[in-house]
Amino acid sequence: MRRPRGEPGPRAPRPTEGATCAGPGESWSPSPNFMLRVLLSAQTSPARLSGLLLIPPVQPCCLGPSKWADRPFGGGPSAGPVQGLQRLLEQAKSPGELLRWLGQNPTKVRAHHYSVALCRLGQLLGSRPRPPPVEQATLQDLSQLIIRNCPSFDIHTIHVCLHLAVLLGFPSDGPLVRALEQERRLRLPPKPPPPLQPLLRGGQRLEAALSCPRFLRYPRQHLISSLAEARPEELTPHVMVLLAQHLARHRLREPQLLEAIAHFLVVQETQLSSKVVQKLVLPFGRLNYLPLEQQFMPCLERILAREAGVAPLATVNILMSLCQLRCLPFRALHFVFSPGFINYISGTPHALIVRRYLSLLDTAVELELPGYRGPRLPRRQQVPIFPQPLITDRARCKYSHKDIVAEGLRQLLGEEKYRQDLTVPPGYCTGERGGRWQAHGDKALAKASNPTPPPDFLLCVGSSGAVLPVRTQDPFLPYPPRSCLQGQAASSPTTRDPAQRVVLVLRERWHFCRDGRVLLGSRALRERHLGLMGYQLLPLPFEELESQRGLPQLKSYLRQKLQALGLRWGPEGG
């Protein structure tokens with residue numbers, strides 16, 4: 001029902017306030033501030049956001065003097081009456097005049113004329129200083145006219161009209177926006193039905209997540225909740241192996257998950273082979289975590305006693321993890337050092353790597369188990385643990401502090417007073433390179449167990465604390481170490497023995513577990529053995545190295561570290 005001509009009607013909404021106004025033939029678009037207000041407004045509905053974000057903003061008003069004025073939307077042939085109607089719409093002085101031009105020329109109206117009319121309406125509502133009054137009935141009539149003809153619109157015209165209707169403030173649940181949305185959906189190609197996914201239970205869901213390539217590439221911290229959702233009977237050995245590999249690969253020292261793996265190992269002891277056990281035990285050694293489960297070690301000793309002769313490589317791998325935890329069982333050592341076991345592995349494809357591991361275990365027995373009285377690895381079977389520097393992860397080497405520390409030592413001490421990249425008896429590397437502590441058929445597991453020892457530097461120190469030229473000294477301490485050397489190294493920070501050697505140990509970020517200050521098991525084992533062999537360790541933490549700004553600051557930092565040990569160099573230090 002129309003209102004009397006003299007009675008003021010309700011004003012149409014002015015959503016174009018702040019919009020960029022344009023005259024006939026000029027482009028019109030909302031300003032960024034206006035778009036931001038619309039997006040942040042409480043009245044923004046899904047349909048309104050769809051019109052603002054999903055539909056690309058277009059400029060249908062560029063039709064006047066441009067090349068687009070010669071032909072309607074869709075590339076149709078030019079027509080004089082059609083072009084004339086477009087110009088009339090672009091020059092309309094009021095919303096009522098827009099409606100009159102559209103209603104009085106039904107044979108000349110094309111689909112794109114409705115988008116031109118909506119655009120001109122936005123220009124009129126945003127004009128200054130006083131926009132023309134708009135009767136509600138005029139807007140309703142214009143809406144009905146578009147609704148009646150929108151089935152004949154092409155997809156481009158529908159997008160344009162929907163975009164402009166949203167910007168003009170037509171309600172998202174109103175008939176105009178609903179009709180345009182319905183036509184837009186009809187024009188879209190049908191989506192293929194999603195493939196039926198099998199119903200996965202808790203353990204299967206966890207297994208699928210851990211097997212996902214993206215999950216394998218990036219560490220995730222929500223594993224605890226995923227594991228909590230699964231029932232114990234759904235946690236299969238394969239799921240637990242994937243979980244253990246994930247923790248080891250990404251250096252995630254998660255106590256709850258590690259305790260769950262230890263408990264699973266104890267509960268499923270009789271069902272697990274040594275090849276599975278070696279993978280379940282891997283994260284404990286790598287992450288330097290001894291579980292609280294009291295049956296953990298007795299369980300492993302029983303498994304080793306049962307499976308040692310069946311899978312020799314798996315047996316040695318388990319012992320390597322326990323070696324990092326300082327929990328070597330005497331009974332298992334008796335077996336792997338026995339002549340029968342050594343003769344058996346000599347004819348296997350893994351003979352060299354097993355002999356290398358047995359050499360490391362023999363070193364651990366020499367240094368850490370003074371009460372061991374069982375068989376040892378024969379001298380003719382011993383090989384260097386790491387006979388030569390091995391290639392490390394190049395990506396990590398790019399972030400190493402090796403080069404700048406080497407340059408700082410060169411300028412501070414001189415090239416003749418330090419050595420780097422040395423492999424000291426019985427085969428530990430004091431340089432940037434290191435070796436694999438374990439070998440597995442599983443490539444991902446082998447990567448996870450491969451430590452990257454940091455770039456270390458070795459100094460020879462005289463009885464007075466003077467740093468001596470390395471070329472005049474034997475850089476290596478005798479091995480096996482003399483008991484007196486061990487006692488002196490443990491009792492005083494700077495021994496007066498002329499054979500004292502100081503190793504500068506760079507502790508990089510990747511030498512620690514991801515979420516803590518705990519050294520990885522391989523790093524802790526290496527530093528522990530070097531110290532027991534008589535080498536004095538001077539750690540250089542990455543936090544301190546990263547705080548040095550430039551080479552002058554680094555030289556001052558190194559000078560303070562060395563002087564704190566009582567070391568002297570230069571003309572006054574010899």
Side-chain angles (χ1 to χ4, degrees), residues 324 360 363 367 384-394 396-437 450-461 467-471 473-477 479 481 489 493-495 499-512 519-546 548 554-555 557-562 564-565 567 569:
Q324 295 173 357
L360 190 145
T363 301
L367 298 176
I385 302 171
F386 305 117
Q388 59 185 359
L390 303 178
I391 298 176
T392 58
D393 187 355
R394 295 180 181 232
R396 287 178 175 174
C397 288
K398 292 191 302 183
Y399 305 103
S400 172
H401 295 87
K402 171 187 176 181
D403 294 337
I404 191 170
V405 171
E407 180 62 20
L409 289 176
R410 188 188 69 82
Q411 296 187 18
L412 189 65
L413 304 178
E415 294 182 0
E416 72 282 357
K417 291 190 177 180
Y418 75 93
R419 293 285 299 274
Q420 88 183 61
D421 295 341
L422 287 179
T423 302
V424 302
Y428 279 102
C429 180
T430 64
E432 178 194 6
R433 311 296 188 225
R436 297 177 187 268
W437 293 108
N450 181 17
T452 308
D456 304 331
F457 304 87
L458 186 142
L459 309 178
C460 296
V461 181
V467 180
L468 306 175
V470 181
R471 67 177 182 273
Q473 304 291 323
D474 182 359
F476 304 125
L477 293 177
Y479 181 83
T494 51
T495 179
Q500 173 65 9
R501 302 295 180 262
V502 176
V503 174
L504 279 68
V505 181
L506 271 69
R507 291 180 173 177
E508 304 284 9
R509 286 183 177 272
W510 54 88
H511 300 146
F512 295 86
L519 274 173
L520 295 177
S522 57
R523 289 296 313 166
L525 174 66
R526 176 176 172 274
E527 293 188 10
R528 186 166 69 246
H529 282 188
L530 287 174
L532 291 173
M533 285 189 286
Y535 295 90
Q536 183 176 355
L537 303 184
L538 176 59
L540 303 179
F542 68 90
E543 304 98 332
E544 298 178 1
L545 293 173
E546 291 177 353
Q548 309 305 317
L554 180 68
K555 288 171 55 180
Y557 165 78
L558 293 175
R559 181 182 295 108
Q560 294 175 7
K561 284 284 188 178
L562 296 176
L565 293 179
L567 305 186
W569 59 93

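The analysis underlying the following values was restricted to heavy atoms, covering all of them including side chains, and did not include hydrogens, waters or symmetry mates.
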How many angstroms lie between [atom1] in [X] and [atom2] in [Y], if you round to the nearest 0.5 Å?
{"X": "E415", "Y": "R471", "atom1": "CD", "atom2": "CZ", "answer": "11.0 Å"}
{"X": "Q473", "Y": "L468", "atom1": "CD", "atom2": "CG", "answer": "5.0 Å"}
{"X": "Q411", "Y": "E407", "atom1": "CD", "atom2": "CD", "answer": "4.5 Å"}
{"X": "L409", "Y": "I404", "atom1": "CG", "atom2": "CD1", "answer": "11.0 Å"}

If you define the side chain from C-beta out and look only at heavy atoms, does anything of [X] sit under 4.5 Å from [Y]?
{"X": "H401", "Y": "L506", "result": "yes"}
{"X": "R526", "Y": "L530", "result": "yes"}
{"X": "V505", "Y": "F457", "result": "no"}
{"X": "R501", "Y": "Q536", "result": "no"}

Which heavy-atom pair separates [X] from [Y] by the least distance, and what is that distance?
{"X": "L558", "Y": "V405", "value": "CD1-O, 4.2 Å"}
{"X": "L458", "Y": "Y535", "value": "CD1-CE2, 3.9 Å"}
{"X": "Q324", "Y": "L525", "value": "CG-CD2, 4.2 Å"}
{"X": "L532", "Y": "P481", "value": "O-CG, 3.9 Å"}
{"X": "M533", "Y": "L477", "value": "O-CD1, 3.6 Å"}
{"X": "V470", "Y": "K417", "value": "CG2-C, 3.7 Å"}

Test: E527 and R507 ion pair at under 4.0 Å: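 Salt bridge flag = yes for R507 with E527.
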
Residues K402 and D456 bridged, charged N to O under 4.0 Å: no

Matching residue for L562 among V461, V467, L459 - test: side chain to side chain contact (heavy atoms under 4.5 Å, CB included):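 Only match with L562 under side chain to side chain contact (heavy atoms under 4.5 Å, CB included): L459.
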
W510 and S400: CA distance, side-chain angles, deciding distance, side-chain contact (heavy atoms from CB on, under 4.5 Å) verdict: CA-CA 10 Å; W510 54 88; S400 172; 4.2 Å; yes

Y399 versus E508, side-chain donor and acceptor atoms under 3.5 Å: no

Y418 side chain to C460 backbone, donor-acceptor under 3.5 Å: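 No.
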
E544 backbone acceptor or donor facing Q548 side chain under 3.5 Å: yes

